[in-house]
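I have placed the structure first, in the form of structure tokens, so that the comments after it can refer back to it.
Hydrogens, waters and symmetry mates are skipped; everything else that's a heavy atom, side chains included, is used. Order of the sequence lines fixes the chain letters, A, B, ..., with proteins taken first and strands second; residue numbering starts at 1 for each chain.
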Amino acid sequence: MFEPVPSKVDFVQMERDTLKWWEEQDILTKYLHANDDSATTFSFIDGPITANNPMGVHHAWGRTYKDVFQRYKTMRGFKQRYQNGFDGQGLWIEVEVEKELKLNDKREIEDFGIDKFVELCKERVRRFAAQQTEQSIRLGYWMEWDNSYHTMSDENNYTIWRFLKVCHERGWIYEGTDVMPWCPRCGTGLSEHEIVTEGYQEIVHPGLYVRFPLIGRENEALLVWTTTPWTLAANTAAYVHPDLTYAKARTENGEVLYLLKSRLSELGAGHDVLEEMPGADLVGLRYKGPFDELPVQEGVDHRVVAWKEVKESEGTGIVHTAPGAGKEDFEISKREGLAVIAPLDDFGAFVDGFDWLTGKSVFEVNELIYDSLREKGILHRIEQYPHRYPVCWRCGTELVFRLVDEWFISMSELRSMIAEVAKKVTWIPSFGLGRELDWLRNMDDWMISKKRFWGLALPIFKCECGHFEVVGSETELKERAVEGLEQFEGHSPHRPWIDAIRIECSRCGERVARIKDVGNPWLDAGIVPFSTLGYRHDRAYWRQWFPGDLITESFPGQFRNWFYSLLTMSTVLENAEPTRAIHSYALMRDEKGEEMHKSKGNAIWFEDAAERMGVDAMRWVYCLHNPASNLNFGFGVADEARRRFMITLWNVYSFFITYANIDEFDPRNPAPPVEDRPDLDRWIISELNSLVRDVTRSLDAYATDPACRAAERFVDYLSNWYVRRSRRRFWKSAADEDKLSAHATLYECLVTLNKLLAPVMPFLTESIHRNLERRPGAAESVHLEAWPKENPSHVDPALSDAARLAMRLSSLGRSARSKTGLKVRQPLQKLLVGLRSKNEASALEAVSVQLLEELNVKEVEVMGPETEVSSFEVRADMARVGPKYGRDTPKVLSALSDADPTEVSALVSSGRPVPLGPYLLGPEEVVVNASDKEGYSVASEAGYTVAVTTNVTEELASEGSAREIVHRIQNMRRSAGFDISDRIETFYRGGAAAEAVFEAHDGYIRQETLSDVLTRGESPAAYTESHDLGGAEVTIGVRRL
RNA sequence: GGGCCAGUAGCUCAGCCGGUUAGAGCGCAGUCCUGAUAAGACUGAGGUCCGUGGUUCGAGUCCACGCUGGCCCA
């Protein structure tokens, strides 16, 4: 006996129960070790999740993929590592800890104590790692949770040292001066990766028009435009576009100004153009700078320089430049030999040499700058200028561009090496490779340093003498250390403890400290295929698991972040691909397709989602989706998944259990051989085996969506055709071979389907498995079962075709019937079927009984020429005609359209070829649709035609009434609260016509309603109702026997 | 300015190797069925498959050039 299954189900409660059962039975441990002795391995490398906040539903999406692929491979018998990872070093952690401590900037962190601060960072990571672990378990994500790796681990950090050492040995590490985007609050530079991700906001800045008086041209000035007033203090040059036309114009108040001709409107009305010239004519002119009185400006030669990127669409076409405060400006300054003035310190305040500006923040000097310009009489105008401007992606502070010393890995040699490695990876979706290569072509050298506290301690020791060294391991550090080892001992290789170490400069012998910088966090994640696989200590183990078989991560961003760092580090260390396949997916949006934001209120918390929609539904939505496109996620779509798929599946399962229990079906007994079962059974078994094949192929290719779509189609077949068509086989009283066959077939379908679904919906399938699978040798958990194997000998395309034909004809038949307005309960005499080709006649033969039942007709007949259908449409079957006749096709088509359709259809339906001038079309090459027929209701589609007779004879009407009566009695049985299998006595009383129906169909009514006897009259002991039967009143009573 | 991706029904999306009559779900209007039932089936309305040109007997599908949107880079 199976546990009875309620038709209504609380999936969420079921998930909680299943979680508890897994825990009690320690199923996870059994799963993790299921393939310990397997010779084949599958190496999944987990991209570490940032352990800085609770997990969201977008994380759940990615973690579902990770889980699904690993579960699938487990069922396939692959040995795996199941190691989860947490990412925990870097600025994003620092920012949150700063908020918790209410610290405002780097100086306050230093006052607070770097050691305490760093410990709190570690503590935060551990806290959220624990929470994310709990959430992941709720998601049904099965990993070896007490073996998760951390990027903040010593091993991870030291392995990065090893990588940096190799880079250094190849000469790729250098310290460079560059203008970098800089966050004055965080006091650190941002790499370009960080700035492009989420770094821009719409901000209103002043658009400032300033006159730069030309030297040697009295009363003439350049009209210059800028949106960053503070940079004027560091101005050293002005750009013009050499090819554009500039104008010299006199304004109403007599000033003579130069600017782009197309921007003359900036001067307002009433100006006179004195002269026009190309920008090239202005190049080389000298001007008086706006802040020449500042000490730093002493001796600076301000001149006009050509630059082809000057835009015509904004400003004046004359761009002020401060090479110490702009990235492109700095590059041009190197080319043109311009003076470079670096105005800002770490916190965005002016450095020494700026007189009254020194010590003031860039954010507070605008008014002072305007006053000074006004005083000098060179301020022309100020306007409001809204534009997109970069902000710090962690704290939202406006960035400044600042001249700094940072550490880089040179990409000039590596670039092409990485590209070659990238090509060895299978990218899913395939455009991933193109994106990665595009990034590789365009990227600059990799800036690896960050002037912060919590992160990889860059093992670079730079001496006053200019020499620097990279330490490659903890052993080397201890060997080289000449000071500070005692303070460091017992600590992780982090600031501040590691900063105590001094080594001896191998060039000059001085004692040298580590540079203060920490590392770019993508180093932390990129080293994982080495650090977590024992690269430094156990090469044999590492070789067993490297390269990985698969990683999966959200692609926006990762091409320049994790994918990039993985490829780079693996190229440097081994010149090998870190993973054989990279699976990636797009972004999650809300149900309306808008970005999810906590502040917008449309974000969904993982816990809410898990408790309201259930994680199986969530996982199903994820897996059904094409990962290359954004996923619009919410409660509505999950609800739909539950209704459309899960409840349908559950209903089939519940149906099976109900009848299996009634019939005491025992799956341990031998089932009838498949080849002896009826067509319907062999058909669904065939579909099942095709499903096994399709799902297996899809998951082998890391594609969940085609697998899920195939499963949906199968469940639809199972529910809306197999069970629907088999119901009477389960209802009937006789326990014969046919019934056993039906039970065995449905059982096999459910058990096999359940395994196929197990990776995607681990909870529902576990619940079904535990109830359904009682056979000897079955695993206690579905997740410990072996993956089903396709049995090709059970796949029969002819059965599939026949079933599809039956479904199609049924659908057309229902369409034809619905036009008559007669209920399906009313039997009709005849069904005429027009087939697309003669070959389908045998298929029709095979399914005609199903059609009779499904459409409630007495006979089915193939439509022939003798059936007098009044009008036909004939068409060529292009899939056959096109390839056969090639360029003659148009002639064949026109000949066919000229022919008489009635004659053509007569030939076709009798299976004879159709002569069309020089051509002879085979009957299978023509498609006939019949559109109308006297006395019939017709429906036609795609070459198939179905017609039903509309005439209801007295006999048919009586039978229809009998069916109606059965229907009413069935409902009464339910209203009376009888059990499905209760036997009853039925009483009836009404007019003569109605009573005649009972008498004429006595056997049928008794059989259908489990009535042992039909009694004319009424009984007080019976549950009694009055019914209107085609205008006549009938009183019916039912009594349990 | 360069690269990548997408554009199919009101919405969200399928559509394999080109086959002439393009599908699903949701939504809308209606009908039916119901011993799987807080489901299900069917019917209907709704489509210049972004545009233009090309290849082909035949193009939603392949090619070229555009347009629009998104992402990335400059």
Side-chain angles (χ1 to χ4, degrees), chain A residues 5 7-8 192 196-197 308-309 328 429-444 555-557 559-560 586-587 589 591-593 624-626 628-632 636-637 639-641 643-645 647-659 662 705-706 709 712-713 716 719-721 723-724 727-728 730-731 810-819 821-825 854 856 873 875-893 927 929 939-943 966-967 969-971 973-974 978-982 1008-1010:
Chain A
V5 172
S7 56
K8 281 188 253 177
E192 57 184 306
V196 291
T197 326
K308 295 206 170 185
E309 302 297 314
E328 287 158 334
S430 56
F431 61 73
L433 176 62
R435 292 222 180 150
E436 190 64 47
L437 293 177
D438 184 54
W439 164 253
L440 289 170
R441 269 191 299 276
N442 288 301
M443 72 190 175
D444 291 335
F555 58 68
F559 291 107
R560 56 174 185 276
L587 293 172
R589 296 284 160 81
E591 278 181 290
K592 294 181 208 138
L624 190 60
H625 182 74
N626 171 3
S629 66
N630 288 342
L631 168 61
N632 295 351
V637 290
D639 208 47
E640 191 190 320
R643 277 205 340 268
R644 273 191 53 222
F645 184 72
I647 290 187
T648 308
L649 174 61
W650 188 265
N651 284 339
V652 173
Y653 165 59
S654 164
F655 175 92
F656 168 79
I657 295 290
T658 304
Y659 290 97
I662 290 173
D705 47 324
R709 265 198 298 277
E712 278 198 341
R713 195 176 54 243
D716 183 56
S719 166
N720 290 325
W721 197 250
V723 170
R724 181 186 169 90
R727 271 186 292 196
R728 303 189 77 82
F730 291 97
W731 293 343
S810 296
S811 167
L812 281 168
R814 279 190 288 264
S815 170
R817 283 203 67 126
S818 82
K819 288 180 193 163
L822 294 168
K823 294 186 171 188
V824 176
R825 269 198 291 276
E854 187 69 22
N856 197 14
E873 261 177 30
R875 281 169 189 278
D877 183 350
M878 290 312 299
R880 293 173 193 275
V881 171
K884 183 167 167 189
Y885 296 94
R887 48 184 69 242
D888 285 347
T889 306
K891 292 178 198 157
V892 175
L893 292 182
V927 175
N929 278 349
S940 192
E941 179 191 68
V966 167
H967 167 58
I969 297 174
Q970 304 282 31
N971 283 342
R973 287 182 57 111
R974 259 206 295 178
F978 298 166
D979 199 72
I980 289 173
S981 52
D982 286 340
E1008 291 296 307
T1009 59
L1010 297 188

**Prompt:** Touch check for A/His967, heavy atoms < 4.0 angstrom, all strands: base, sugar-phosphate only, or nothing?
**Reply:** sugar-phosphate

The nucleotide from B/G25, B/A41, B/C57 with an atom nearest the side chain of A/Asn720 is B/A41

Considering only atom C1', compute the distance from B/U21 to B/A39 and round it to an integer number of Å. 33 Å

Using the P atom in both, what is the distance from B/U52 to B/U68, to the nearest Å? 16 Å

Of the candidates B/C57, B/C4, B/A14, the side chain of A/Arg709 sits closest to B/A14

Rounded to whole Å, CG of A/Leu437 lies from C1' of B/G3 at a distance of 11 Å

note: A/Asp705, atom CG; B/G25, atom C1'; distance rounded to Å ~ 16 Å

Q) Which part of the nucleic acid, if any, lies within reach of A/Ser719 when heavy atoms closer than 4.0 Å are counted: base, sugar-phosphate only, or nothing? A) base

Nearest-nucleotide check on RNA chain B, A/Asp716 vs A/Asn626; residue mapping nearer the 5' end is A/Asn626

What one should report as the nearest heavy-atom pair of A/Ala628 and A/Ala586 is O-CB, 3.9 Å

Contacts of A/Ala628 and A/Val723 projected onto RNA chain B by closest heavy atom; the upstream (5') one is A/Ala628

Between B/G58 and B/A6 - C1' atom distance, rounded Å: 27 Å

- Task: Would you mind classifying the nucleic acid contact of A/Asn632 as base, sugar-phosphate or nothing, using non-hydrogen atoms under 4.0 angstrom?
- Result: sugar-phosphate

Closest of B/G25, B/C57, B/C73 to the A/Arg560 side chain is B/C73

- Message: Roughly how many Å apart are B/U8 and B/U48, using the P atom of each and rounding to a whole number?
- Response: 11 Å

Side-chain contact check for A/Asp438: nearest option of B/A36, B/G19, B/G2 is B/G2

Please confirm whether A/Phe555 and A/Phe431 have ring centers closer than 6.0 angstrom. yes

> Is A/Arg643 touching bases, backbone alone, or none of the nucleic acid, heavy atoms closer than 4.0 Å?
Replying inline: sugar-phosphate

Of B/A14, B/C57, B/A36, the nucleotide closest to the side chain of A/Val652 is B/A36

Out of B/C26, B/C73, B/A36, minimum distance to the side chain of A/Trp439 belongs to B/C73

task: Determine the Euclidean distance between corresponding P atoms of B/G3 and B/C63; express it in Å to zero decimal places.
output: 16 Å

Expressed in whole Å, how much space separates the C1' atoms belonging to B/A41 and B/G25? 15 Å

Practice task
Give me the ring orientation class for A/Trp650 and A/Tyr653: parallel if the planes are under 30° apart, tilted from 30 to 60°, perpendicular past 60°.
Solution key: perpendicular

_Just N and O in the side chain of A/Asn630: are any of them under 4.0 Å from OP1 or OP2 of B/G70?_
no

A/Glu640 has its side chain closest, among B/C26, B/C57, B/A36, to B/C26

Q | Any side-chain heavy-atom pair of A/Asn632 and A/Val637 under 4.5 Å | A | no

*Write down the distance separating the C1' atoms in B/C71 and B/A24, rounded off to the nearest Å.*
28 Å

In whole angstrom, give me the gap between the P atoms of B/C11 and B/C16. 22 Å

What one should report as the nearest heavy-atom pair of A/Val5 and A/Ser654 is O-OG, 3.6 Å

ask   = Do A/Ser629 and B/A6 have a side chain to base donor-acceptor pair shorter than 3.5 Å?
value = no

Item to check | Side-chain donor or acceptor of A/Asn630 paired with backbone N/O of A/Leu587 under 3.5 Å | outcome: yes

Which of B/A39, B/G70, B/G19 is nearest the side chain of A/Thr889? It is B/G19

Between CZ of A/Phe555 and P of B/A6 the distance, given in whole Å, is 10 Å

